[in-house]
Structure formats: C-alpha cells, structure tokens
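Comments concern the structure below.
Side chains are part of it too, since the values below use all heavy atoms of this structure and drop only hydrogens, waters and symmetry mates.
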Amino acid sequence: MTATPFVSPFASPEGAIATGVVVLNMGAPHDDAMVEPFLYELFADPYIIQLPLGRLYQKPLARMISRKRAPKMIPIYRKLGGSPLLPQTRQQAQALERRTGLPCFVAMRYTPPRAVDAIAECVARGIRRLVALPLYPQFSRTTTETSLVDLREEAARAGIEVVDVREYPEHPMWIEALVKRWEEAAGPALGAPLRTHVLLAAHGIPRAYVRRGDPYIKQIEATAAKLRARIPADLPVSIAYQSRVGPVKWTGPYIDHEIERLGDEGVKRLIVMPIAFVSEHQETLYELDVTMKEIAHAHGVEDFIRVPTVRDHPLFIEALAELVHGALAKGVGGAA
C-alpha cells in the first residue's frame, strides 16, 4: 500500500510539492565500535583537513590518525555513556516538526543516520522538496558547507529540490534562547561576591581557513556581541576557542590558555558559555565540564559554572521554524 505523501502547508498554491526539513549535524559515536570510523570519516573529509595533493594521501593519513586517536577517545565516550548528540538532535527535529507541521528528518555528516539515510526516508514519504537546516548557527566550510554539499549530492540523485538555510548567528530567537540558558545557570550564582569572568566558548578552526575567507570567526564575534549586550555590563566577557587538533595553528585564544590566564589573574568565578554548539556532546560534557574545569580549579578558580546548550528550548525551536519558513518563502537557494 502506498503512503499518502505529506503536503506541506508551505507548498506551492496548488499543493503539488510535498515538503520536509532535514536538520544537519556533525554526528558522534554512540559506542566503542563507532569511535574509530567516526574519526576516520572526520579526518578524511577535505572540507575539514586540506592538504597539498590531499587526494593522494588524505585517506591513508586519516586512517593513521583515527587509529592513533581512537584508544584515547574511547574511554571518554564510555564515561559519557556514548554521545547524546543524536538523541538530542532527534528531539530538536521532533519539536520542529510539531511547530511547523512539516516532517523533519535527521542527517549526520559522519555517523548514521547520514544524508543518504535521510533522503531514503524522504523518498519513502513522497517528499519532493527539502529545507536543509544546519544546526550550526555560524557558517563554516568545515561544518555547514560540508553538510550541505553532502545532502545536496544525495538529494540530486533522488530528484529532490533543496532550499538552504546557511547561517543565523544573530537570529533574535537564537540569541534569546542563549540568554534564557544564561539566566537559568548563571543568574542564581551572581549574588555571591566573587571576582567573575564570562568566557564565551566556540569550536576553533585552523587559522588558514580564516585567511582563505571562511566567515566563521566573524560570525562567532557577531553572536558574542549580541550576547554581550544582554549580560550585566559589570561582568568582563571574552571569547576562547576549543577542540584544536594537530600541529597547525588554530584560531585563538585557546580556551585552556585563557582559563589559565584568568585564574592566574585572580578570577574566582568562571562562567563558561558555549555559543556555537546547540546540543551537548563530548566537547561540552567532557572537554568543558571535566578538562577545563580541572584546569580552572588548578589555577585558583573556586566556582566554575558551565551554561548548558539550548537543545530543544522553545525559543530555539521558534528560531528554527522562522528560518524554515523564510527559506521556503525565498525558494530554491544557491548551491552550497
């Protein structure tokens, strides 16, 4: 029996185009067996690692790096019970589906369900037009672009039209969701008289990418500027970048160095707030909550507060719904 195609309320006036949404994220391992394949896919992606004559030896190099790093990463994911990124992304997709009335699918870049899986679901549901919605508020070729290219290739094979959302670093509802998380986590602590600093944390990218025109850092700064206007004016605020790997220079200041500096200068309460991640995963639950907290305490910080990510906060879901509606109103976007 053939299922009746879902007809989007935002379809063309004749109702001929069944429309859906695919939310895009990086992916993360759920168990030990997924760690090495995840790392391999990550380092084999030319949008992540750009090497001279990369096509000749990038995959062998990715294999070597993933085999070397996997034994170090497996214990971390075990402590987390596996990454919560996929279930939280599915919760976001479900909330967005309820808000928009459009069927919402999940496509991870480096772990299942991938773009090919999402497109297969769309074909089975009779979807002929998709909004590609990255869960990366700030655009980078290392996140947004590689995910959009991957999805577009699979959609083209299936004859599905794709409309892009490319970035939303200053969207009012995204900023408001961040502010609400700030108020929930930091608000109750600010009454105690401790020297306080707010550290806005974001994933770094290699500096070479910035020199080549990647807009990510400027968009991180745009998000930070919007937040700075909402944080009490007497609190000092700075940005730091995390998750660097390899010998190349990454965008700075590096978060571990910044935390050491702040602690050594007498900061006693450090409030760390992710402003690029919208879900919890290894970079927040372990890198920030364990490693950076240990560094902070070793350098004299007494109170370490980490603001949670927005996840499926209603204000963030409202932001995503507005982005979907806006993309459909504009029609087909340009190629990623």
Side-chain angles (χ1 to χ4, degrees), residues 22-30 33-70 72-74 76-77 83 85-86 89 106-119 132-157 162 164-167 202-217 219-220 241-251 276-279 281-283 287 335-336:
V22 175
V23 294
L24 305 172
N25 214 327
M26 182 169 286
H30 317 316
M34 292 182 68
V35 174
E36 186 175 324
F38 165 73
L39 293 173
Y40 170 76
E41 293 289 341
L42 187 72
F43 291 114
D45 184 355
Y47 286 86
I48 297 285
I49 303 293
Q50 295 179 321
L51 300 172
L53 303 177
R55 291 183 180 180
L56 295 178
Y57 56 85
Q58 181 155 354
K59 288 185 178 181
L61 181 61
R63 184 70 64 195
M64 181 182 70
I65 295 172
S66 61
R67 285 175 178 167
K68 184 177 180 179
R69 287 181 62 85
K72 300 177 183 178
M73 299 302 297
I74 285 173
I76 293 174
Y77 284 106
S83 174
L85 181 62
L86 178 58
T89 303
V106 172
M108 297 295 191
R109 183 64 183 92
Y110 305 114
T111 55
R114 301 187 64 167
V116 65
D117 305 308
I119 293 300
L133 179 60
L135 294 179
Y136 317 114
Q138 300 88 8
F139 181 95
S140 173
R141 74 185 314 272
T142 64
T143 52
T144 311
E145 187 169 355
T146 186
S147 294
L148 288 174
V149 167
D150 187 41
L151 181 72
R152 278 187 169 277
E153 288 176 351
E154 296 298 336
R157 293 187 184 101
V162 176
D164 293 345
V165 172
R166 296 180 67 82
E167 68 261 327
H203 200 298
I205 61 173
R207 291 185 192 177
Y209 295 6
V210 180
R211 291 195 298 269
R212 294 171 191 156
D214 193 304
Y216 174 75
I217 298 303
Q219 293 190 10
I220 287 291
Y241 295 92
Q242 63 182 99
S243 307
R244 68 188 185 276
V245 293
V248 301
K249 292 185 177 180
W250 285 57
T251 49
F277 300 131
V278 302
S279 303
H281 41 72
Q282 182 266 334
E283 282 88 347
E287 187 175 355

For A132, side chain to side chain contact (heavy atoms under 4.5 Å, CB included) partners two or more places apart: L24, L148, L151, V162, D164
Is there a donor-acceptor pair closer than 3.5 Å between any side-chain N or O of S83 and the backbone N or O of H281? no
So how far is it from M26 CE to F277 CZ, rounded to the nearest 0.5 Å? 8.0 Å
Within-4.5 Å side-chain heavy-atom neighbours: P137 and V278: yes
Sequence neighbours left out, what passes side chain to side chain contact (heavy atoms under 4.5 Å, CB included) with P215? Give chain and number order. F139, Q219
Please name all residues satisfying side chain to side chain donor-acceptor pair (under 3.5 Å) with T142, sequence neighbours left out, ordered by chain then number. S140
Any side-chain to backbone donor/acceptor pair from D117 onto P112? Under 3.5 Å, distance only. no
So do M64 and L61 actually touch side chain to side chain, heavy atoms under 4.5 Å? yes
Applying salt bridge (charged side-chain N to carboxylate O under 4.0 Å, His left out) to D150 and not counting sequence neighbours gives R109
Sorted by chain and number, sequence neighbours left out, side chain to side chain donor-acceptor pair (under 3.5 Å) with Y216 holds for none
Heavy-atom side-chain contact between R67 and Y40 under 4.5 Å: no
Could you tell me whether the side chain of V106 reaches within less than 4.5 Å of the side chain of N25, counting heavy atoms only? no
Please report the shortest heavy-atom distance between A28 and M34, naming the atom on each side. O-CE, 4.1 Å
Contacts of H203 that satisfy ring-ring contact (aromatic ring centres under 6.0 Å, His included) - sequence neighbours left out: none
Just jot down the salt bridge (charged side-chain N to carboxylate O under 4.0 Å, His left out) partners of E283, sequence neighbours excluded, or say none. none
Got a sec, which residues hit salt bridge (charged side-chain N to carboxylate O under 4.0 Å, His left out) with R157, two or more places apart in sequence or on another chain? E154
Where do Y241 and T251 come nearest, in terms of heavy atoms and distance? CB-O, 3.5 Å
Just to verify, what does R114 make a salt bridge (charged side-chain N to carboxylate O under 4.0 Å, His left out) with, not counting sequence neighbours? E41
Listed partners of R211 passing side chain to side chain donor-acceptor pair (under 3.5 Å), at least two apart: none
Would you indicate whether the side-chain heavy atoms of E167 and T144 approach each other to under 4.5 Å? no
Within a strict 4.5 Å, meaning less than it, do heavy atoms of the T89 and L135 side chains meet? yes
Residue pair I220 / A202: nearest heavy atoms and the distance that separates them: CD1-CB, 3.6 Å
To the nearest 0.5 Å, atom CZ of R166 lies from atom CD of E145 at 6.5 Å
Heavy-atom closest contact (A33 atom, P37 atom, distance): O-CD, 3.2 Å
Working note: E287 + S243, criterion side-chain hydrogen bond (donor to acceptor under 3.5 Å, both in side chains); need CA distance, chi angles, decisive distance, verdict. CA-CA 8 Å; E287 187 175 355; S243 307; 2.7 Å; yes
Tell me, please, which residues at least two apart from L39 pass side chain to side chain contact (heavy atoms under 4.5 Å, CB included). V35, F43, S66, R69, A70, M73
Q282 meets the side chain to side chain donor-acceptor pair (under 3.5 Å) criterion, sequence neighbours left out, with none
Taking every heavy atom of F38 against every heavy atom of G27, the minimum-distance pair comes out as CE1-O, 3.3 Å
About how many Å separate OG1 of T143 and CG of D214, when rounded to the nearest 0.5 Å? 7.5 Å
